[in-house]
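Shown next, in structure tokens, is the structure this report addresses.
Atom set for the values below is all heavy atoms of this structure, side chains included, hydrogens, waters and symmetry mates excluded. A, B, ... follow the sequence lines: proteins, then strands. Residue 1 opens every chain.
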2 protein chains.
Amino acid sequence: MDWRSVNFDWNRARAFLVTAEEGSLSAAARALEITQPTLSRQVTALEKELGVALFERIGRGLELTPNGLDLLQHVRAMGEAANQLALTASGRSESVEGHICLSATEVTAAYTLPPLIQKLRQQQPGISVEIVASNHASDLQRREADIALRAFQPTQPELIARRVGDIEVGLYASTDYLSAIGHPTTLAAFNRADYICFGENERLIEAMRHFGLELSRQNFPLITESHLVHWELVKQGLAIGIMPADIGDREPGVVRVMPERSLLTTPLWLVAHRELKTNRRVRVVFDFLAQELSGAG
Amino acid sequence: MDWRSVNFDWNRARAFLVTAEEGSLSAAARALEITQPTLSRQVTALEKELGVALFERIGRGLELTPNGLDLLQHVRAMGEAANQLALTASGRSESVEGHICLSATEVTAAYTLPPLIQKLRQQQPGISVEIVASNHASDLQRREADIALRAFQPTQPELIARRVGDIEVGLYASTDYLSAIGHPTTLAAFNRADYICFGENERLIEAMRHFGLELSRQNFPLITESHLVHWELVKQGLAIGIMPADIGDREPGVVRVMPERSLLTTPLWLVAHRELKTNRRVRVVFDFLAQELSGAG
DNA sequence: GCCAATCCATACGTTTTTGCATACCTGAAA
DNA sequence: TTTCAGGTATGCAAAAACGTATGGATTGGC
């Protein structure tokens, strides 16, 4: 075969890809963990090598030229393949020692995972753990994490999932707050309380309606995307919030609202990429978490 | 976005691809125009970086491991995208000076192209020309050539083609050979002559049958894939062969067999990749050849 | 309108990579 | 068995790429 057209510096293509996606040389250099002058030279060299201007230097930053935009789709394809290569290669590694990245919601990351990770690290001291605490689902396909804990079953066929239990979610308030609003006991009384909302969470409002509460926008004077900030607001007596029962019940100064009624039960899924499940280290951590969460749940 | 899984040395992936496809480090190094030790170190470094053994060093050469085979498909995808990148980038170049690669059959390359290229180089001294003389169609998609001359219309939509004339093909023999077989004049007499065959060319035999000749395997004692060797055999009086009329008629000592009858007329197409046609140099050469061949044909 | 922040390009010393020469190995043929 | 051809790995000097430091330029906020 003729390899002439493949025989250019592929690292320069990578430099072009990340620069275009990140929008600036500096940001791309940070992402690739190299310095900005190096990346600048790589991109310039690629432009010279191809004989095509990829970026227009305008003021503070770069802008893709029409030619650069045309060429970007091909380096994107290279990047996708490179990503798959790295993913599959990781899946072939049989080493238990090394790094693993877990993704979970803030609450799970803050309250459920720490004791499990402590136990894991006693059993497997060679494994270092990174926790991505995020309330949106990480993209396992792009390997933003190796293993994710999610409240829903993934639909993508390239992901494998195991249901490890159910989380009962309840309404919680500090005793101070309940005193301040006069120790309500009826649903009608709770309809006049303040609640904390997570952005535009329709599912949560629907669950509350099903619970029996008739809440309007005025019931949500506090909004935060951060579940941990939300929990602090609850603990400090600003409003009523929601929490997994096993966590909320452990919190002194906070009590469950109408504990005899169930607000919401959500499943808990362990998810990993199919390719990565062939990696021994991922398999070990996955099975460990599955056993611990199932046993505890 | 998270670029960690893309952040490995892409040149090492290229080294892996070409080594796997070529079958040995030495061959791959020749293809990439680098030295074998360099390539050896790149492949070794990739294996170490991924933590996966790609090749098994087995005696005289390398052999892909099962893991290497799995990973090969992804670097193949990277290579395809890299190829498209280079192709598209070349198409964006506006420089007239530079190199261009023409593909044609041996006969066309040897007899039709030389005067045209001479004229082209007088008009455009900055263009250097490479001729790929091959009797199978070069893969313009993989850029084995920039422009091809073909006897048929390509079907791939990514190729653009222009019909530049028709080639009349006739049967030719040396006067010495015709004397030796007794100056035959009838079809029946020519049925007892010797002919030269190009491998398994059904189309040619069908044309001869349509011409009126009833030939069997015994009529083809000489076989060669090389059209030029074939022509030498004709000139040196070993058998009857075929040739474009304008070339055959110019050859002293060789005459056309039954010139009043037409053996075959085949179109001549100029073909280029759609992406490359936006390259000014390719456009210049393409249009030059189209004009010259149309005017001459 | 000025200042701070951010970004890109260039200069120079250092690190990494490459090419050359060479040693070593295997498989086939004399 | 010896020899030879073709292939892979290692030592060392040259070349290329990289990081640090720095200058020039523009945007956004006060």
Side-chain angles (χ1 to χ4, degrees), chain A residues 1 3-4 6-65 67-69 71-72 75 82, chain B residues 1 3-4 6-65 67-69 71-72 75 82:
Chain A
M1 202 185 297
W3 296 102
R4 267 180 298 183
V6 175
N7 191 7
F8 64 92
D9 192 323
W10 284 17
N11 284 333
R12 293 173 179 169
R14 181 190 58 181
F16 170 41
L17 169 65
V18 181
T19 303
E21 298 285 8
E22 292 289 325
S24 79
L25 290 173
S26 303
R30 283 190 293 270
L32 287 174
E33 299 177 45
I34 59 178
T35 60
Q36 170 267 320
T38 296
L39 198 58
S40 173
R41 283 185 290 248
Q42 288 181 350
V43 171
T44 306
L46 181 64
E47 289 182 309
K48 192 173 176 183
E49 193 171 11
L50 298 179
V52 175
L54 301 171
F55 295 101
E56 204 171 350
R57 275 72 172 173
I58 70 174
R60 179 189 78 162
L62 308 183
E63 197 161 311
L64 272 172
T65 61
N67 280 335
L69 195 61
L71 297 177
L72 178 58
V75 294
Chain B
M1 200 187 294
W3 296 102
R4 266 181 298 183
V6 176
N7 192 7
F8 63 91
D9 192 322
W10 284 17
N11 283 333
R12 293 174 179 169
R14 182 190 57 179
F16 170 41
L17 169 64
V18 181
T19 303
E21 298 285 8
E22 291 290 324
S24 79
L25 291 173
S26 302
R30 284 190 294 269
L32 288 173
E33 298 176 40
I34 59 178
T35 60
Q36 170 269 319
T38 297
L39 197 57
S40 172
R41 282 185 286 245
Q42 287 182 347
V43 170
T44 306
L46 180 64
E47 288 183 310
K48 191 173 177 183
E49 193 171 13
L50 298 179
V52 175
L54 301 171
F55 296 101
E56 204 171 350
R57 274 69 173 174
I58 170 171
R60 177 187 76 166
L62 307 181
E63 198 161 310
L64 271 172
T65 62
N67 280 336
L69 194 62
L71 297 177
L72 177 58
V75 293

Touch class at under 4.0 angstrom, heavy-atom based, for S26(B) against every strand present: base
Sugar-phosphate, base or nothing in reach of I58(A), heavy atoms under 4.0 Å: nothing
Considering all heavy atoms, the nearest E47(A)-L54(A) contact: OE2-N, 2.7 Å
Just verifying a value: how many Å separate [X] [atom1] and [Y] [atom2], rounded to the nearest 0.5 Å?
| X | Y | atom1 | atom2 | answer |
| --- | --- | --- | --- | --- |
| L39(B) | F16(B) | CG | CZ | 12.0 Å |
| L69(A) | F55(A) | CG | CZ | 10.5 Å |
| W10(A) | D9(B) | CH2 | CG | 11.5 Å |
| L46(A) | L17(A) | CG | CG | 11.0 Å |
| L25(B) | I34(B) | CG | CD1 | 9.5 Å |

Position toward the 5' end of DNA chain D (nearest nucleotide), S24(B) or P37(A): S24(B)
Kindly give the atom pairs (protein nitrogen or oxygen, nucleotide nitrogen or oxygen) under 3.5 Å for nucleotides 15-17 of chain D.
from	atom 1	to	atom 2	distance (Å)
dA17(D)	OP1	R12(A)	NH2	3.3

[atom1] of [X] versus [atom2] of [N]: gap in Å, rounded?
| X | N | atom1 | atom2 | result |
| --- | --- | --- | --- | --- |
| R30(A) | dG19(D) | CZ | C1' | 16 Å |
| E22(B) | dG6(D) | CD | P | 16 Å |
| Q36(A) | dT22(D) | CD | P | 15 Å |
| E47(B) | dT8(D) | CD | C1' | 13 Å |

Any pair counted as side-chain hydrogen bond (donor to acceptor under 3.5 Å, both in side chains), so long as it reaches residues 37-46 of chain A, sequence neighbours left out: T35(A)-T38(A)
Residue pairs, two or more places apart or on separate chains, that pass salt bridge (Lys or Arg N to Asp or Glu O under 4.0 Å) and touch residues 20-38 of chain B: E21(B)-R76(B)
Sorted by number, the residues of residues 49-57 of chain A with heavy-atom contact under 4.0 Å to DNA chain C: R57(A)
For chain B, the stretch of DNA chain C it reaches, first to last nucleotide, under 4.0 Å of its heavy atoms: dT17(C) to dT26(C)
Neighbour count >12 (heavy atoms, 6.0 Å) for atom CD, E49(A): yes
Those residues that, when tested against N67(A), pass side chain to side chain contact (heavy atoms under 4.5 Å, CB included) (two or more places apart): V52(A), T65(A), R92(B)
Heavy-atom side-chain proximity of R57(A) to L62(A) below 4.5 angstrom: yes
